[in-house]
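One structure below.
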Amino acid sequence: MSDATNAENNDPTSDNAAPDRSAKKSLAVNLGVYTFARLALVILIAAVIVGVGLLFGVEVPVLVAAIFSVLISLPLSLLLFKNMRIRVNESIAAVDEDRRTARADLQSKLRGEDGKK
């Protein structure tokens, strides 16, 4: 193989690289938003628990409020953030598909099947 052919096959700006980066970026953004939303829900519930405790004149330790808020937010986030969770799952599927495609392409190149006619 010539150097020009090697450079052409290893070009990181080829058509396969752009969708891969886009899918990974989409996954990172969706996962970040979903994670932030879940953490915000935990903090909000913990603040409500502490606040309600103070209204009734009971001092609730922050650790106890945090544990209960995590337990309460787990099923609640499944209901409240369903669309975000679906987007994260779709992004994961897109990244997995890109990996499968890249792996199949690599395997075909290793077998000598360039796909060029």
Side-chain angles (χ1 to χ4, degrees):
M1 231 185 235
S2 70
D3 289 336
T5 306
N6 283 337
E8 183 180 311
N9 288 340
N10 294 329
D11 185 14
T13 60
S14 67
D15 292 337
N16 292 340
D20 187 42
R21 288 184 187 139
S22 174
K24 287 181 181 178
K25 183 177 181 181
S26 174
L27 174 60
V29 168
N30 289 334
L31 191 59
V33 169
Y34 182 62
T35 301
F36 176 77
R38 289 192 64 178
L39 286 173
L41 182 63
V42 169
I43 292 169
L44 177 71
I45 292 173
V48 168
I49 290 171
V50 170
V52 168
L54 290 176
L55 284 176
F56 288 107
V58 178
E59 188 175 330
V60 179
V62 176
L63 183 61
V64 172
I67 290 171
F68 278 110
S69 70
V70 167
L71 292 175
I72 294 169
S73 72
L74 286 172
L76 195 57
S77 68
L78 291 176
L79 297 172
L80 294 177
F81 305 134
K82 180 180 180 181
N83 291 334
M84 281 189 237
R85 193 178 69 251
I86 290 171
R87 281 197 304 259
V88 168
N89 289 340
E90 289 171 350
S91 297
I92 290 170
V95 169
D96 284 345
E97 183 59 34
D98 287 344
R99 283 187 186 148
R100 276 189 218 103
T101 303
R103 182 180 173 139
D105 185 43
L106 177 63
Q107 291 292 332
S108 69
K109 286 179 182 179
L110 289 173
R111 286 190 303 265
E113 303 167 2
D114 280 344
K116 294 181 184 177
K117 295 179 182 179

Is any side-chain heavy atom of [X] closer than 4.5 Å to a side-chain heavy atom of [Y]?
X	Y	result
Lys82	Leu78	no
Leu76	Ile45	yes
Lys109	Asp105	yes

Q.
Can you confirm whether more than 12 heavy atoms, excluding those of Arg103, are under 6.0 Å from its CZ atom?
A.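 Count not over threshold, so no.
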Subject >> Exceeds 12 heavy-atom contacts within 6.0 angstrom, atom CD of Glu59 >> reply: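 Atom CD in Glu59 is not crowded, with 12 or fewer foreign heavy atoms closer than 6.0 Å.
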What are the two closest non-hydrogen atoms of [X] and [Y], and how far apart are they?
X	Y	value
Asn30	Ser91	ND2-OG, 2.7 Å
Val60	Val50	O-CG2, 4.3 Å
Arg38	Leu74	NH2-CD2, 3.2 Å

ILVMFWY cluster, [X] and [Y] together (side-chain gap under 4.5 Å):
X	Y	value
Met84	Ile86	no
Val64	Ile72	yes
Val62	Val70	no
Val42	Leu31	no
Phe36	Phe81	no

For the pair Ser26 (side chain) and Ser22 (backbone), establish whether a donor and an acceptor sit closer than 3.5 Å, ignoring hydrogens and angles.
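Answer holds: no.
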If I take atom [atom1] from residue [X] and atom [atom2] from residue [Y], how far apart are they, to the nearest 0.5 angstrom?
X	Y	atom1	atom2	value
Tyr34	Leu39	OH	CG	11.0 Å
Glu97	Ile92	CD	CD1	14.5 Å
Thr101	Leu106	OG1	CG	12.5 Å

(message) Taking the basic N atoms (NZ, or NE/NH1/NH2) and the acidic carboxylate oxygens, is any pair closer than 4.0 Å for Glu90 and Arg87?
(response) no
